[in-house]
Structure formats: C-alpha cells, structure tokens
Protein chains: 2
Amino acid sequence: MNTKGATPEQYGLDTGGLSSLQIEVARKLMPIISTGRWAVGEKISDAALAREFGISRTPVRQVLQFLAEIGTVAQTDNRGFTLVRPPPVDENVDELVPPSEVDTLYRQIMHARANGLIGSEASETELLEYFGTSRGTVRRTLIRLSAEGLAERRDGHGWRFAECLDNRQAVNESYAFRAIIECGAVMEDTFCADPEALEALEREQTALLNAPLASIEGSAWFEANARFHETVVSWSNNRFLVQSIRRQNSLRRMTEYAEFAELSEAGVRKAARDHLAILEAINTDDRKLASAILFRHLSRSPAGAAVTPGRIED
Amino acid sequence: MNTKGATPEQYGLDTGGLSSLQIEVARKLMPIISTGRWAVGEKISDAALAREFGISRTPVRQVLQFLAEIGTVAQTDNRGFTLVRPPPVDENVDELVPPSEVDTLYRQIMHARANGLIGSEASETELLEYFGTSRGTVRRTLIRLSAEGLAERRDGHGWRFAECLDNRQAVNESYAFRAIIECGAVMEDTFCADPEALEALEREQTALLNAPLASIEGSAWFEANARFHETVVSWSNNRFLVQSIRRQNSLRRMTEYAEFAELSEAGVRKAARDHLAILEAINTDDRKLASAILFRHLSRSPAGAAVTPGRIED
DNA sequence: TTTTGTATTATCGATACATATAAATCACTT
DNA sequence: AAGTGATTTATATGTATCGATAATACAAAA
C-alpha cells in the first residue's frame, strides 16, 4: 500500500466537493426524502431542515444545491427548493455520497482491530502509515474513538485501544454488565418512559417480529437492538448509565465487523418478543416485571450450550 | 488579555520546567515517597518506576532530577537516586508542582459552568479568550471532557456541555450510578473477595476510623475511599464494572478540586464504619447484607437534609 | 411577516516548520 | 548480569498562517 502523499482519490473516494458536515447532512437527508416526507413538487424548506439538524442554513443549502445538480430537487428563483423526484435508492448512497474520511478510517480501524491486524496499542504515525491517510484524519478519528470509549491516550506516547469482545470471557462479562446496568436503570426512581419513543420502539420491534427473516439486514437488526437498549436506559435520566450502554454498543458494533452474525430465525423472534414484553411492562409501569424480563433476556445460559461459541445473539 | 505569544509564566503558572507528563509523574511519585515506600538512604530505581507507570525512563529521571534539586533525593554517579528526606507535605504539592495546564483549565471550566459564568454552548475561541490559554490546551481539555461524557462537539461549530454539569444533578446521578454498579458487582455470581486485599482494606479503614480528624488529609481520605470502592468492585471479576468505577473515581477526583470537600467528623466516621461493615459482611459471605449496606451508603438522602448542598461526603 | 438569496464575519481545519520530549539504544559502571 | 547514564531516534507539541466553511446578518422577494 502506498503510504506517502496519498490523496483520497487514490482510494476511490470522490467527495464530490462536499465537506464532512455536508456529507453527513446529505446522508441524513436522502433517506428522509426517500421515505416520502415531501410529495413531488412540494417545497423543501432549508431553514426548517437547518433547525431540525441543529446547524446553520449554509451547509443545508449546499447539500440541496448538490441534490439539485443530480436532479433530485429543483431550485427556483426566490421560491426555494422543491422535490423533483426521490433520490436514487439507498444502496447507491455510498457511491453518490461516499462516507467521510473519518467514517472510513473509523471502520477500517475497527475492522483491523477486530481481526487482530493491529495490536492494542499504536502511535498516530503507525496508523497514519498503515492506512495511508493524513495525520488530521487519524487524529480526528482517534478523538472520536476516544469519545466512544474505544481508545484512549496513553501517558507519554501513543494510543491504547479498548480490548474487543473477542473472547468468551469478555462477552460474558459484557452481558453481565449490561444486565446490571439495564435492570438498575429500569428500577431507578428517576426512570420515566417517553410515550412517543416507546411507541416508536414498539412499532420497530413489531416490524422485526413479523418481517420475513430474509428481508432483515444484519446491521439493521443490530442497530434496532442497540437503539432499543439505549433508549430504555435513557429513560433512567442518568447520563452515566446511558454512557455505559453507548460504550457497550460501540464495543459490540466493533465485534460485529469481525463476525457476520448470521441471524437465526429463533433468535431474532425471541429477542423481538422479549423486547415487546419489556416495553409492555414499562408501559403499564410494572418495572419489576420489566427488569425481570430484561435480566433473563440478558442472561446467557451458563453452559453456553444453545449459543454458537463467540456468536452474539442480541 | 494578551492572546498572542502568551507563556505559562504570564498566568502565574510556573511549571518549574516540567512537562505535563512529568508533572503527572511528580504528583504521583511524591505521595508514594511520603507514604514511606523507601527508607531514607534507600535507592529509588528509575527503571522500576517507569515500568510501574507504564512509560519510559526519560520522564521519570527528569522528575527525579527535579526532586534532587529540591533536596528530596540525591543522585550519585553510577549509583542512581537515593532518598534523602521525604518531600514537603502534600499541601505544598500544588505550589511545588502546579497542576498541568489541562488540569487547570478543566477545573476552571467546571467551575465556570457550575456558576453559570459560561453557557451550555461555547466555541473554542470563546474559551480560549475567556480563560486566556492556548488553542491546544483548550482543544485537549475539551477532548478530555468529551471522553468523560461532559462535553460533546456540536455538528458544525462549537461544543455543547453536558446538560447540567451544574454539580447537584451530576453528583446525584453519579451516586445512583455507583449504587447500581457496586451493588450489582457484589451480587454477581463471579464475585470472589481476595482475603489479603480485604484485610488491607480493613486495616486502612480502621485507621481512618480511629485517627484524629485533624491528621487526616483530604486527598488521603479521598484516595482511601476510591481504593475501597474500586477494590470491592474488582472482586466481581468483571472488567466493565471495574472500568466504570475507575472512570467514576477519576471524575470525582477532578470535581473534588472544584468544591473543597471539608471533612466533617461525623461524615468521616460514618463512612469508615460503613466500609468496615461492608467488608465484614463480605468476609462472612453475606453478600445480600453487603449490598444493602452499600446501597444505603451510596444513597443520598432524598431531601439532602443532612448534607451540605453540593458537598461531597464520600 | 415570513421566507429566500446573498454578503459578511467568525470559526475551524489543514499545513508546515521549529521545538520539546518521550522512547529506544548503547556503552559503561557496579 | 543488572542497573545507570548518555546518546540517538521517534514522536508529539506549539505556533503561525492560510484557506475552507459554517454561522450570522442583511436585503429582497413572496
């Protein structure tokens, strides 16, 4: 691999002139359009979107102008943007709007870590040469990893990566940890479910329960689960509990890169049923029941008999 | 305020020529010497210390040379360093070895936030000018805050601080979190106390129970507590539980500086008694009892009646 | 009055170079 | 052989500047 003077283009990345924030916006916006929030011909307000995303109008307008170039929207003088036709299907998104450099490197590092290609410690320069990116990208990626608890600066020089959930022991500990955190969260005095969010989760889990297995993407399944657990814990209104679950999700996401968890019919349905039962219990404010189901849900059978070794079910 | 070409000295910081890593080492090393690990005249091995701290010999030697300058140790040709006399009492530590710029700014930001001097959102430049430090320091401090979940980058520009870094709320959440973690740890199947460590803790806590209040250093008290809780959780044999408590301890170590936890006779004795009762229960393997005492120990009275607002008792 | 388009300003990111300093190596003493 | 001191090398930091771009302010149109 060429490690010197590498430009993004060499790696097939053509950012199409969009900045990283703009890329982020584009990748958020396109699915929204796809799901039909606006009818064809309807006006799309840049100011509203800016407010929704919590940023200024400038990057939003730039993305809309980009979408105008590819014919998704049209800009009329003094009348703003209107939808012409929904953007090309989501699968092309990566091609149309490639992930930012940081996103890419983030994935590469996670992948390399999960497969043992890089050790638990590394200096910036090492990574820089190994992946052939710029120092800044490496730096920002590491900062992001550290914000998620997946890496931390060592005293002196270099970075240390979190160990991955790469062995039976670590996975078991992770489950035990989550059981403690999540059951504790549900039983907190300050726990208070948000009805809207609860309903959204119910819809999502019901869909997972009924959809044909073949139509469920592995990553979609993972993210739905992660969202379920994180949302439930967030109702505890305790930032440290939430932070812990986020970290766990990040760790689990990382191992997901290594193994392509094949979904088993039984596992998926069981998990979705559990999730729905938990939501139901929360909805009727039977927190003890919710906690009990959660505990069982997160308890691995001690022998690990029913579970393929090293596989992550939920 | 002059923001260009500013040197630490202009702000009253005299780092004594020590780098941030060296400062850290010095502040770790001096208490170790104080507790009498080495007798006067005994040799202090730089290599061993470097190994212990997980860094190279270079910064350790520089610190030792600094300690030689102030007469704590002596360097003899080809015979390394030997202890001459324990370093000046801990209270002078800040004066002798001022905290690093990042440490300082960290505390300043926490303090400013807690007192409403800065809002929940701020740009780097704002902080930079407000506190009169360098860009790099601001950056690294923010990164650290974000790693601890107390701040996060906003999309676009600027940073957002955690909702209420105003301490009351955060401290309550911290207590609730620790109660969940520690009680969960004690009740784990894999929990197994190490007799030696248990005995050591008992000795330490007994000493705290009986010592005259005036003789108890605030920081020593804090560290003993931190050690107690971390050790108990470590017996759960769950790396994630241990990690969580470590993080909590380091967070508390920082906030402790912001508020000057004055020790109250009643508080100190009560805590030490609680700790001893917990150890006793663990020793007889009555884990339910241990967990119950722990829970009460970590529960703040809801009205907060007995506790000075914003004070950290344990 | 609200929304849109444009101009201005503020902030951050990228880069480069000089400096500081931590790590690694090696020779020497004990 | 182990530990120490000095040297070399690698790495990170500090500072400054420039350019990109996000935020904001403002003018014009609906």
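The model shown is predicted, which means the values in this text are computed figures rather than measured ones. Naming convention: chains lettered A, B, ... in sequence-line order (proteins, then strands); numbering from 1 in each chain.
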Do any side-chain nitrogens or oxygens of [X] fall under 4.0 Å of OP1 or OP2 in [N]?
| X | N | value |
| --- | --- | --- |
| Gln62(A) | dT21(D) | no |
| Thr58(A) | dA22(D) | no |
| Gln22(A) | dA22(D) | yes |

For [X], which residues count as a side-chain hydrogen bond (donor to acceptor under 3.5 Å, both in side chains) partner, sequence neighbours excluded?
| X | result |
| --- | --- |
| Asp103(A) | Arg144(A) |
| Arg246(A) | Glu230(A) |
| Arg227(A) | Glu204(A) |
| Ser134(B) | Thr137(B) |

Round to a whole Å and report the spacing from [atom1] of [X] to [atom2] of [N].
| X | N | atom1 | atom2 | answer |
| --- | --- | --- | --- | --- |
| Arg154(B) | dA23(D) | CZ | P | 7 Å |
| Leu49(B) | dG3(D) | CG | P | 13 Å |
| Leu127(A) | dT11(D) | CG | P | 11 Å |
| Leu21(A) | dA10(C) | CG | C1' | 16 Å |
| Gln65(A) | dA22(D) | CD | P | 12 Å |
| Glu121(A) | dA24(C) | CD | C1' | 15 Å |
| Phe53(B) | dA22(C) | CZ | C1' | 16 Å |
| Glu24(A) | dA22(D) | CD | C1' | 13 Å |

Could I get a table of every N or O pair under 3.5 Å where one atom is in the protein and the other is in nucleotides 1-5 of chain C?
from: dT3(C); atom 1: O3'; to: Lys43(A); atom 2: NZ; distance (Å): 3.4
from: dT4(C); atom 1: OP1; to: Lys43(A); atom 2: NZ; distance (Å): 3.0
from: dT4(C); atom 1: O3'; to: Gly80(A); atom 2: N; distance (Å): 3.3
from: dG5(C); atom 1: OP1; to: Thr76(A); atom 2: O; distance (Å): 3.1
from: dG5(C); atom 1: OP1; to: Asn78(A); atom 2: N; distance (Å): 3.4
from: dG5(C); atom 1: OP1; to: Gly80(A); atom 2: N; distance (Å): 3.4
from: dG5(C); atom 1: OP2; to: Arg61(A); atom 2: NH1; distance (Å): 3.0
from: dG5(C); atom 1: OP2; to: Arg61(A); atom 2: NH2; distance (Å): 3.2
from: dG5(C); atom 1: N7; to: Arg57(A); atom 2: NH2; distance (Å): 2.8
from: dG5(C); atom 1: O6; to: Arg57(A); atom 2: NH1; distance (Å): 3.1

Can you sort out the partners of [X] under side-chain contact (heavy atoms from CB on, under 4.5 Å), two or more places apart, ordered by chain and number?
| X | result |
| --- | --- |
| Ser20(B) | Ser100(B) |
| Arg154(A) | Glu121(A), Arg160(A) |
| Glu42(A) | Trp38(A), Ala39(A) |
| Ser120(A) | Arg113(A) |

Check your understanding: What heavy-atom pair brings Ala122(B) and Phe161(B) nearest, and what distance separates the two atoms?
Key -> CB-CE1, 4.1 Å
Practice item. Using a 4.0 Å cut-off on protein heavy atoms (strictly under), produce a 5'-to-3' string for nucleotides 12-20 of chain C with B for base contact, S for backbone-only sugar-phosphate contact, and - for none. Key: BSS------
Review point. Ser45(B) side chain to Ala48(B) main-chain N or O, any donor-acceptor pair under 3.5 Å?
Key: yes
Give every donor-acceptor pair under 3.5 Å between a side-chain atom in residues 49-73 of chain B and any protein atom, sequence neighbours left out.
from: Glu52(B); atom 1: OE1; to: Arg37(B); atom 2: NH1; distance (Å): 2.9
from: Glu52(B); atom 1: OE2; to: Arg37(B); atom 2: NH2; distance (Å): 3.1
from: Arg57(B); atom 1: NE; to: Asp46(B); atom 2: OD1; distance (Å): 3.3
from: Arg61(B); atom 1: NH1; to: Asp46(B); atom 2: OD2; distance (Å): 2.6
from: Gln62(B); atom 1: OE1; to: Gln22(B); atom 2: NE2; distance (Å): 2.9

Point to revise | Between the first and last five pairs of the helix from dT1(C)-dA30(D) to dT30(C)-dA1(D), the angle of the axes, rounded to 10 degrees | key: 40°
